[in-house]
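Inspection log for the structure reproduced underneath, given as structure tokens.
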Amino acid sequence: MSKPQLLIDTDPGVDDALAIMMAHAHADIAALSVAAGNVGLDHTVRNARTLRELLGASFPVFPGCASPLVRAPEEDAAFVHGADGLGDVGFPEPKAAAEGEAAALALLRLTRERPGELTLVALAPLTNLALALKLDPALPRRVKRLVVMGGAVTGHGNTGRVPAEFNVGFDPEAAHVVFEAFPAFDLVDWEATLRHAFDDTEFEGWIASGDHRAKFFQKVFRTARDYNATHERNGVLAADALGMAVAIDPDIIVRSETRAVGVELDGRLTRGATVVDWARRLGRPAQARIVLEVDQLRFQAMVRKALGAA
Ligand code: BDR
Ligand code: CA
């Protein structure tokens, strides 16, 4: 079977880092397009270049939007990922530069060059994708699949806006544009992430038996691990890694529900919430396959291989 060809929109980010390692181990990476999100764009672009160097890879890195489409973000996620987005380890400046072409333009060009071939994997606020869609609404017809890590389908979010998940809450307008434009996509939400945590001790074992990628991840994961330990988050949570597992191999899905999903753009308490028409009351096309459960052992095997672990 030929390897999946991935276009990854990302804001690295500790769990983005693990997801990119998985993509490199199990698929072909056509490009990384980079957004601001977990931390500012200067950091996320540099982190993408750092990951490329770690992996000895040569895929292009395209810098994208430095801020959301409409409103300034209320919060970033530096308190989880570190001020530089990769655990404040202090990695040296990576050698190869980013591309000059803007991420949204690169997404359009690459999907024109390879129509129907590329799976778009969105691991960040959806700003770059929304901008690309506004420039060319035919984009969905040219991608093989879209997988979005984002949302919290029953309101158990992870931001200061209680029901909102970070990627959607950071740029709700962008998520709205993307959710309205794609007739079908896979949605891997924060609540699925909570159900697919790795056991701490098992994860330690993978790190101990892994190669240079495991050593790298051990370093960058420290701030996120400390945050989780003090905030009642059990086990090792890796939202983007779960999204990437679904992108690499959709057969990993064991339970899903397909429903219409919208994004709340206003709301005193709920801006950025993902609203699911669970009871199919609105008669709107059900565009989101909501991933509720994946095969945990296969997911773990994918992560272990990405870390070079036994
Ligand atoms: C998502 O938000 C970011 O902090 C993570 O990288 C992930 O993409 C989880 O809500
Ligand atoms: Ca991310």
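Computation of the quantities below employed the complete heavy-atom set of this structure, encompassing side-chain atoms and omitting hydrogens, waters and symmetry-equivalent molecules. Indexing begins at 1, ligand by ligand and atom by atom, following the structure's order. For the single chain, residues carry numbers from 1 onward in sequence order.
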Have a look at the Ca ion (ligand 2) and estimate, to 10 degrees, the angle subtended by O (Leu123) and OD2 (Asp240).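 Rounded to 10°, it measures 90°.
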
List ligand 1 atoms under 4.0 Å from [X], heavy atoms only on the residue side.
X	answer
Asp240	5 (C), 6 (O), 7 (C), 8 (O)
Met149	1 (C), 7 (C), 8 (O), 9 (C)
Phe166	2 (O), 3 (C), 4 (O), 10 (O)

Side-chain donor-acceptor pair present, [X], [Y], cut-off under 3.5 Å:
X	Y	answer
Asn47	Asp84	no
Glu75	Thr159	no
Thr127	Asp171	yes

May I ask you to identify the nearest protein heavy atom to [atom], giving residue, atom name and distance to one decimal place in Å?
atom	result
atom 6 (O) of ligand 1	Asp15 OD1, 2.6 Å
atom 10 (O) of ligand 1	Glu165 OE2, 2.5 Å
atom 3 (C) of ligand 1	Asn38 OD1, 3.0 Å

Has Phe166 got an N/O/S atom less than 3.0 Å from the Ca ion (ligand 2)?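 No, outside the cut-off.
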
Tell me whether Asp16 has at least one N, O or S atom under 3.0 Å from the Ca ion (ligand 2).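 A backbone or side-chain N, O or S atom of Asp16 is under 3.0 Å from the Ca ion (ligand 2).
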
Checking the N or O distance criterion of under 3.5 Å, is ligand 1 in contact with Leu123?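 Yes, there is a polar N/O contact under 3.5 Å.
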
Identify the two heavy atoms, one from Gly283 and one from Asp277, that lie closest to each other, and give their separation to 0.1 Å.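 So the minimum-distance heavy-atom pair works out to N-OD2, 4.2 Å.
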
Can you give me the closest heavy-atom contact between Ala31 and Phe62, atom names plus distance?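 Heavy atoms of Ala31 and Phe62 come nearest at CB-CE1, 3.7 Å.
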
Proximity of Phe166 and Trp190 rings by center, below 6.0 Å: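 Not close enough - the centres of the two rings lie 6.0 Å or further apart.
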
Report the C-alpha separation of Arg298 and Asp251 in whole Å, then their side-chain angles, then the decisive distance to 0.1 Å, and conclude whether the salt bridge (Lys or Arg N to Asp or Glu O under 4.0 Å) test is met. CA-CA 10 Å; Arg298 279 169 75 177; Asp251 289 343; 5.2 Å; no

Begin from the C-alpha positions of Glu165 and Thr274 and carry the test side-chain hydrogen bond (donor to acceptor under 3.5 Å, both in side chains) through to its verdict. CA-CA 8 Å; Glu165 176 279 335; Thr274 37; over 6 Å; no

Does only the side chain of Val14 get under 4.0 Å from ligand 1, or the backbone, or both, or neither? Count heavy atoms.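 Within the 4.0 Å criterion, Val14 makes no contact with ligand 1.
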
For ligand 1, is any non-hydrogen atom under 4.0 Å from Val80's backbone (N, CA, C, O), its side chain (CB onward), both, or neither?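 It is neither; nothing of Val80 touches ligand 1.
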
Does the plane of the ring in Phe203 sit parallel, tilted or perpendicular to the ring in Phe217? Use 30° and 60° as the thresholds.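 Because their plane-to-plane angle is over 60°, the rings of Phe203 and Phe217 count as perpendicular.
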
Would you name the N/O/S atom of Asp11 that lies closest to the Ca ion (ligand 2)?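 Among the N, O or S atoms of Asp11, the one closest to the Ca ion (ligand 2) is OD1.
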
